[in-house]
> 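Handing you this structure, nothing more for now.
Here is the naming used below: chain letters follow the sequence lines, and residue numbers restart at 1 for every chain. Atom set for the values below is all heavy atoms of this structure, side chains included, hydrogens, waters and symmetry mates excluded. Keep in mind the model is a prediction, meaning the values are calculated, not measured.
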Amino acid sequence: MRAQPLLRVNDLKKHFYIPTGLFGQETIEVKAVDGVSFDLNAGETLGLVGESGCGKSTTGRTVLKLYRPTSGNVFFDEKDITSIPGEELNKLRTRIQMVFQDPYASLNPRHTVKTIVSEPLVIHGLMKGAELDERVKELMELVGLNPSYMKRFPHEFSGGQRQRIMIARALSVNPDFVVCDEPISALDVSIQAQVVNLLQNLQERLGVAYLFIAHDLSMVKHISHRIAVMYLGKIVELAGRHEIFDNPLHPYTQSLTSAVPIPSPKMERKRQRIILKGEPPSPANPPKGCVFHPRCPIARDICKTEVPQIAEVQPGHFAACHFAGTPIQDT
Amino acid sequence: MANKSISHGADSRLEIESTFKDRLSYLGRLLWRDRTGVVGILIFTTVVIAAVFAEFLTPYKPLDQDLYASKMPPMWEEEGSPEHPLGTDNLGRDMMARIFYGARVSLGVSFFGAIIAAILGVVLGAVAAYVGGRWDEIIMAPVNLVLSLPYLLFVVFIASVLGSSLLNVILIFGVTNSPIFARVTRGEVLKIRESAYVESAISAGARWWRVLLFHVMPNLVGPLVTLISFQISAMIFYEAGLGFIGLSVPPTVPSWGNMLSEGRRYISSYPWLTTMPGLAIMYTSLGMNLLGDWLRDVSDPRTRRSGR
Amino acid sequence: MLKYSFRKVGQSLLLAMGVLILAFAMVRMTGDPASLMMSRNASAEEREAFREVMGFNRPVLVQFGDWITHVFMGDFGDSLHFREPALPLVLQRLPATIRLAATGLAFAILIGIPLGLIAGFRANSLVDFFGRLIALLGQSIPNFWLGLILILIFAQRLGWFPVFGADKPESVVLPAFVLSLPVMGELLRLTRSAALEVRNEDFVRTAFSKGLHRYAIYIQHVLPNVAISLVSVIGVEFGYMLGGSIYIETVFAWPGMGQLVGQALGWRDFPLVQTIVVFTSLVVLGLNLLTDLIYALIDPRIRHGK
Amino acid sequence: MASILKVKNLVTKFHTVDGVVNAVNDVSFLLEDGETLAIVGESGSGKSVSMMSIMGLLPMPPAKVEGGQALFNSKDGPVDLIQLPYEAMSDIRGGQIGFVFQDPGTSLNPILTIGKQISETLIRHLGISGREAKDKTVSLLAEVGIPDPTLRFDAFPFQLSGGMRQRVMIAIAVACAPRIVIADEPTTALDVTIQAQIVNLFKELRVKMGVSTIWITHDLGLVAGLADRVLVMYAGQILESAQVDELYENPKHPYTIGLLGALPRLDTQESKRLVSIDGTPPDSTILIHHCPFAWRCAHAFERCWNEKPALTTVGEKHTVACFYAMEEGR
């Protein structure tokens, strides 16, 4: 299974250029995604976590080519989708889909549920008429919505129901791969569980692979097989989901995992927290050397000058740190 | 917080059988909720009827002079007569006929002017937003220029250069008002294009024309119809203003502006020559403004509450 | 702040250039400016001679270059009617127009903004209802017509104000009020919605949660934020009034630039009309620039921004 | 311990065009001196509205407090906050009860300096001069962990990061040494590492100032390490209330059990499915005369559809409003 990954992302970069100066002649370069590599197997979920502004959403969009990558490659099924022509890419879009964060903004308010769910099928001319109707009904049942609601408009549904509509739409073309960009962060706790369970059930039944982007570590850990942690445009650590929590090698991952609350007062009292100082710097003006060094509790001189490369520190466990695995003294 | 969603609680209320009385009171509630729109549409409809059916609504022609019956006040004044309900002017022309026929000019000029402005402006704005870059700047520079000028002065200037004719007035209004449509369209298109549902359509494989046709256009209709409504009201004003200083349609055409311009000379002795066309303008403009206010509120389906 | 100001000044200069091009092109829109400016029964020789004098037979670009150079030196050409330079004629009329527009603006601000604030703070109250009515009527009544009606009632029937002219101090009241009505309505509407919006902002709730007095909250937290959104509008509206005074000045025989436009049109004195249009436009652009700069001064987000 | 705030039978409604929204339906609870009380619930559960209506911070209309009492042990003796006139209420707000709101990006006035926004509270309640207020503000800024406080005094909110702004909000809340701080989702808009900083700051201040805290949140995970006692709200009512250890180890109400099961945990190796609660909360425009959770409850039986369960004591300081839990308890 590992020999032929479904998706292979190689040194992907996405830099934005913001015009500035008197007449927009100068630009500020924002390195939103700065050299990200990972691969994803069929039927697998890779979690992508990080704080706001770390570039996780941009990564998802660039992988889908909603943004044109600045450099690097994305191989989908051994095809380099960064260089194929638009027509061929559009055909591939039947196999790659996306679920968006805000279920209130991502559904066209003027379209009925049926139009929304069937749009990918219609775009690719896969079905029409009664067959399309049947398919929409089937999809709505699949995601747990009453098919009789298909003539209704999005504003008549709650957030969780809207996210189900979004999922039905993404699954309409039987994709192999779905990018889920913070699909649950706008939802209430009890509804989050509904959507996450739905995503997991669908993966089991349909064998779809997810790139699951979120800031909620516990949820990412729950749904993912492997997890990549991002900080300021770079992946700082990537490993299996238990490995990354039981044995975090990067100091950022260590502090992140220690900061996530555990719903158990007894555990909470026993825990040692590593509380980072300061806040993430702006990607428009990243620090020299290791981007994490200004907040890092174990940084030394080398970290200020040399960028650590991501390396396989242990089998299947990657980290980008000069001192990967060094325990952090209680602060 | 009060999210009206299809939840268990809401369904139970749907099952209540509705009687005729319920439906009537429901209709009443709808009309009351949309009262500005109802009044606006009523006013607009009456003006359209007056303009279209002028021949049938009054026995007089707007240019028929009857010097024996000249300078008659409206019927509710002592010397008035029901034969000329709104009185006659200094040449004995029936005021009501002139106002009804005048509605044709005012509505025609403002309606076609607004349509031309909308078509021109939407194309310019959409191209600016869609193509972007240099083209955006090339299109928006003159648009912003026109929008930052003293508008009335420029329109007067152009009208005086081009000379008065119905077609000229329509074209002037159409062209000089297109920038506002361009700016609104550009803004809306940019907003819609950034929206998550367009991103979602693109990620599903939609080409640009599909996005334009199925996502951008339908969401543009609301703001544009609203703007057209306000613009019609504004253009009725502009026409009246131009007519007032003798720069609108030729003086023989019975337009409200021309009537004001003529009536002004007799304002102290025969005030109805001035008040009547002015009231007609005010009535129509009020209707279009009410309609516009209402359209602005309802054109967004998210603020539109479901009928329950 | 400096960068912002430079950009705004640059934009204004570009717009000013645009105004000059537009005004120049408009006189030549029909192809033959000579027949535009002369009476219909002028002979062919007379026309030819006129073209020679005005330089209309030279290439268009040369004419434009010539005109622009003169404009930069303050020479907008000669009035055909008065046979003297047009700009001094316009400048002579400027104070009257400014007096009218400024009085009108004062009316609009003094009535529109307080009413708008009350309407915003007490939505759906009686004041709100009347405020919205005023705004709706301001939008729906053609103001030159209202001018005529007010002359009829207050000047002729009641004799409270002079019928026309600018001889007495109270002469300004009627025309300024009429001129201000649409602006008053617009300001009222905008103030109301700005007040409603700001009142519902989280930071106003924070101010209440700090236990500040109600009026301290309105004056220190709500008003400045409302004011910021109104500054740019007031500049634009003042420009509108300068340009829109043409009808009002005609109705009230107010000896300002607007009346001069009306008269110049009657004389087919296009150089004079052109001068007034260009001059007013430049004043309006200047006002807009001024507002943008004031805006930057009072909004810390721009003052301390990039 | 003595109680500092006692809320009884609070009812708050919103009169909207869509109908009457029953936001808070008969809520009663106590806040004890020095305690940290967490009010947990999902959006629309009334957790925030209940506190805001006690403090008179809701827009009225459409909101209306239609009944209930909120007895506050103020410096000048007990008062009923609901009955208090505006002037007396504003003496308490910011002076004896401080607030921290959810979104530090919008909760500070964008065009006033943070120094001004903190010192105006001091001047209002402590009656000190501008100069004294400035000195005190600078020391407050230092206390909440803002570097270069003297410099930052003149900073505008947009010049600070989200975490820094929330520290400013906290400085405003504790400026006048209040008896209670009400924190409404104060870390929801912040990133995990910043959330940890803010939670830590709260804990420090609590030790230092001994202030009672009401922490309104949707995050049961966060509450575990923070609160002494927890109230679980749903559809405008309190369904369960217990000491924090008891609630997490021995939850009684099916909703609480469901919520805890819906949370993924970092500390387990198992990968079983999350417990999900089917359905959505009821439409708040209908007045419910039975258990509001009955629609979504797996254990609902006839009685649950016929009457409304009242909060009943099932253990030490542990009350629950559920017929099923009560029967089981017997």
> Heavy-atom cut-off 4.5 Å, strictly under: side chain, backbone, both or neither for Glu120(D) against chain C?
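Looking at Glu120(D), backbone and side chain both touch chain C.
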> Treating Gln220(C) as the side-chain partner and Ile217(C) as the backbone partner, does any N or O pair qualify as donor plus acceptor under 3.5 Å?
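Checking the backbone N and O of Ile217(C) against the side chain of Gln220(C), no donor-acceptor pair under 3.5 Å is found.
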> Taking every non-hydrogen pair under 4.5 Å, which of Ser107(D), Gly98(D), Gly94(D) racks up the most with chain C?
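Most heavy-atom pairs within the cutoff with chain C belong to Ser107(D).
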> Is the backbone N or O of Gln69(D) less than 3.5 Å from a side-chain atom of Asp80(D), with the two atoms forming a donor-acceptor pair by type?
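Absent.
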> Does a donor on one side chain and an acceptor on the other come within less than 3.5 Å for Arg206(D) and Thr36(D)?
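There is such a pair (donor and acceptor under 3.5 Å, judged by atom type) between the side chains of Arg206(D) and Thr36(D).
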> Please classify the contact of Ile111(D) with chain C as side chain, backbone, both or neither, using a heavy-atom distance under 4.5 Å.
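Its backbone and side chain both get close to chain C.
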> Please evaluate residues Leu81(D) and Leu5(D) with respect to the criterion side-chain contact (heavy atoms from CB on, under 4.5 Å), reporting the C-alpha separation (whole Å), side-chain torsions for both, the decisive distance (0.1 Å), and the verdict.
CA-CA 10 Å; Leu81(D) 295 175; Leu5(D) 178 70; 4.0 Å; yes
> Heavy-atom pairs under 4.5 Å with chain C - which of Gln117(D), Met52(D), Gln102(D) has more of them than the others?
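It is Gln117(D).
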> Most heavy-atom pairs under 4.5 angstrom with chain C, which of Ser90(D), Pro157(D), Gly56(D)?
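Looking at each option in turn, the highest pair count goes to Ser90(D).
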> Sort out for me which of Phe101(D), Phe156(D), Phe99(D) touches chain C most, counting heavy-atom pairs under 4.5 Å.
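If we count pairs closer than 4.5 Å to chain C, Phe101(D) comes out on top.
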> By a 4.5 Å heavy-atom criterion (distance strictly below it), what part of Ile228(C) contacts chain D: side chain, backbone, both, or neither?
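It is the side chain, since no backbone atom gets that close.
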> So what's closer than 4.5 Å to chain C heavy atoms on Met89(D): side chain, backbone, both or neither?
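Contact with chain C: none, neither part.
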> Checking heavy atoms, do the side chain of Arg199(C), its backbone, both or neither come under 4.5 Å from chain D?
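For Arg199(C), there is no contact with chain D at all, as no heavy atom is under 4.5 Å.
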> Determine whether the side chains of Ser48(D) and Asp184(D) contain a donor N or O and an acceptor N or O closer than 3.5 Å.
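Their side chains do contain a donor-acceptor pair, which is all the 3.5 Å distance test asks for.
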> Counting heavy-atom pairs closer than 4.5 Å to chain C, which one of Met55(D), His125(D), Lys116(D) comes out on top?
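Ranked by heavy-atom pairs under 4.5 Å with chain C, first place is His125(D).
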> When you check the side-chain N and O atoms of Ser45(D) and Glu42(D), is any donor under 3.5 Å from an acceptor?
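Side chains of Ser45(D) and Glu42(D): no pair found under 3.5 Å.
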> For Leu112(D), which atoms come within 4.5 Å of any heavy atom of chain C: side chain, backbone, both, or neither?
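Just the side chain, heavy atoms under 4.5 Å.
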> For Phe129(C), is the CZ atom crowded, meaning more than 12 foreign heavy atoms sit under 6.0 Å from it?
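Atom CZ in Phe129(C) is not crowded, with 12 or fewer foreign heavy atoms closer than 6.0 Å.
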> Quick check for you: among Asn109(D), Ile182(D), Thr121(D), which has the greatest number of heavy-atom pairs under 4.5 Å with chain C?
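Most heavy-atom pairs within the cutoff with chain C belong to Asn109(D).
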> Indicate yes or no for a side-chain donor-acceptor contact from His213(C) to the backbone of Glu87(D) under 3.5 Å, with no hydrogens or angles considered.
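A pair under 3.5 Å: no.
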